[in-house]
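These figures come from a predicted structure and were not determined experimentally.
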Amino acid sequence: MIDHISVGVSYLERSARFYEATLAPLGLSRLVTRPATIGFGKSYPEFWINLRAGMKPVASDSGSHVCLRAKSTADVDAFHAAALSAGGRSDGAPGLRPHDRVRYYAAFVTDPDGNRIEAVTFPSE
């Protein structure tokens, strides 16, 4: 249903390095580079970062986040580790999150600007 998503960043190249590392375990790579925007995806840009010079950090209580699908729990783990190595912060370590309707495995990170990004997979057992 959703074709693509974008997040604002204050320093494009810093964020490009962060997202190149963080999204690689999910199979996304840099596909489009323009002066103020970069698109990542598998076959077309699904995730964009857009330069917003002077942008203030995203408030930790903003309530918004972007969730990206991973193929496996190992990919979720790799996403989280890559984000931390690339300058992000953990906002929820990788792990099983059983809820009343669905059982899923996820990790949350925040990028250098405070954007909250999640990777999720739905293991069968």
Measuring only between side-chain heavy atoms, which start at C-beta, is [X] closer than 4.5 Å to [Y]?
X: I117; Y: L68; answer: yes
X: Y104; Y: L96; answer: no
X: V7; Y: V66; answer: yes

Measure the [atom1]-[atom2] distance between [X] and [Y] for me, rounded to the nearest 0.5 Å.
X: I38; Y: E13; atom1: CD1; atom2: CD; value: 5.0 Å
X: E20; Y: S29; atom1: CD; atom2: OG; value: 9.0 Å
X: R69; Y: E118; atom1: CZ; atom2: CD; value: 10.5 Å
X: L23; Y: F40; atom1: CG; atom2: CZ; value: 6.0 Å
X: S124; Y: R103; atom1: OG; atom2: CZ; value: 8.0 Å
X: D3; Y: E46; atom1: CG; atom2: CD; value: 8.0 Å

Would the distance check show the side chain of [X] and the main-chain N or O of [Y] forming a donor-acceptor pair, the cut-off being under 3.5 Å?
X: T37; Y: I49; answer: yes
X: D113; Y: N115; answer: no
X: R97; Y: A106; answer: yes
X: S15; Y: Y11; answer: yes

request  = Return the orientation label for the W48 and H4 ring planes: parallel under 30°, perpendicular over 60°, tilted otherwise.
outcome  =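 Geometry flag for H4 against W48: perpendicular rings.
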Considering all heavy atoms, the nearest [X]-[Y] contact:
X: R89; Y: L84; result: C-CD2, 3.6 Å
X: A83; Y: T22; result: CA-OG1, 3.3 Å
X: G39; Y: P45; result: CA-CB, 4.0 Å
X: R34; Y: L12; result: O-CD2, 4.1 Å
X: L31; Y: S43; result: CD1-C, 3.9 Å
X: C67; Y: V120; result: SG-CG1, 3.3 Å

message = Check for me whether the distance between the ring centres of H65 and F108 falls short of 6.0 Å.
response = yes
request  = Could you check T110 against R116 for side chain to side chain donor-acceptor pair (under 3.5 Å), going step by step and ending with a plain yes or no?
outcome  = CA-CA 4 Å; T110 55; R116 191 168 189 240; over 6 Å; no
ask   = Would a hydrophobic clustering, with Ile, Leu, Val, Met, Phe, Trp and Tyr connected at side-chain separations under 4.5 Å, put V9 with V32?
value = no
request  = Report yes or no: do V109 and L28 belong to one cluster of Ile/Leu/Val/Met/Phe/Trp/Tyr joined by side chain heavy-atom distances under 4.5 Å?
outcome  = yes
request  = Compute both the distance and the angle, then confirm whether R30 meets the cation-pi test with Y19: under 6.0 Å from the six-membered ring centre, within 45 degrees of the axis.
outcome  =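 Pair R30/Y19 does not count as cation-pi.
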query = Between T73, D75, D77, T121, which is the residue that forms a side-chain hydrogen bond (donor to acceptor under 3.5 Å, both in side chains) with Y105?
reply = D77
